[in-house]
Amino acid sequence: MKTYDIHDAKTQLSKLLEMAAKGESFVIAKAGKPMVKVTALDTPPSSQMKRFGFMAGQIKVPDDFNTMGAGKIQTMFEGDV
C-alpha cells in the first residue's frame, strides 16, 4: 500500500480518489507519520477477501491435461512427419 505526504495528496486528490474507487487503498501521512487510510466504500475488509481456492470444486482438470493436443503441437513445430 502506497503512502502519500499530505501535500502530495492535496495536489493529486482527483487521481488518488480514482485509484481508491478502483480498489487501490493508500495512506496519507503528515511529516512521515501515517494519519489516515483511504479505501473505497464498497471495498470488503481484508479479512473478508478470499483469493486462493475461491473456485474450489467448480473446475475439473481433465486427466490427460498434460498431454492434450500433443500431436497438434508436435505437427506445428515439426511439420507433417
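The first residue of the sequence shown is numbered 1, and numbering continues consecutively from there. Side-chain atoms are counted along with the backbone in the values below, which use heavy atoms only and exclude waters and symmetry mates.
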Inset, instruction - Hey, could you give me each pair passing side-chain hydrogen bond (donor to acceptor under 3.5 Å, both in side chains) that has a residue in residues 4-14? Not counting sequence neighbours. - result: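 Applying side-chain hydrogen bond (donor to acceptor under 3.5 Å, both in side chains) to every pair that reaches into residues 4-14, excluding sequence neighbours, yields Q12-K15.
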Inset, instruction - Consider only side-chain heavy atoms of I, L, V, M, F, W and Y, link residues closer than 4.5 Å, and tell whether I6 and L16 are in one cluster. - result: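 Both belong to a single hydrophobic cluster.
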Legend entry - Reported CE-to-NZ distance for the pair M19 and K2, which is rounded to 0.5 angstrom: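 Going from the CE atom of M19 to the NZ atom of K2 covers 6.5 Å.
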Legend entry - Where P34 and G32 come nearest, the two heavy atoms and their spacing: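 Minimum heavy-atom contact is CD-O, 3.6 Å.
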Side chain to side chain contact (heavy atoms under 4.5 Å, CB included) with [X]: which residues, sequence neighbours excluded?
X   : answer
M76 : I73
L13 : L17
D64 : P62, T67, M68
V38 : A20, F26, I28, V36

Inset, instruction - May I ask you to test the K37-M1 pair for a side-chain heavy-atom distance under 4.5 Å? - result: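 Yes, close enough: below the 4.5 Å cut-off.
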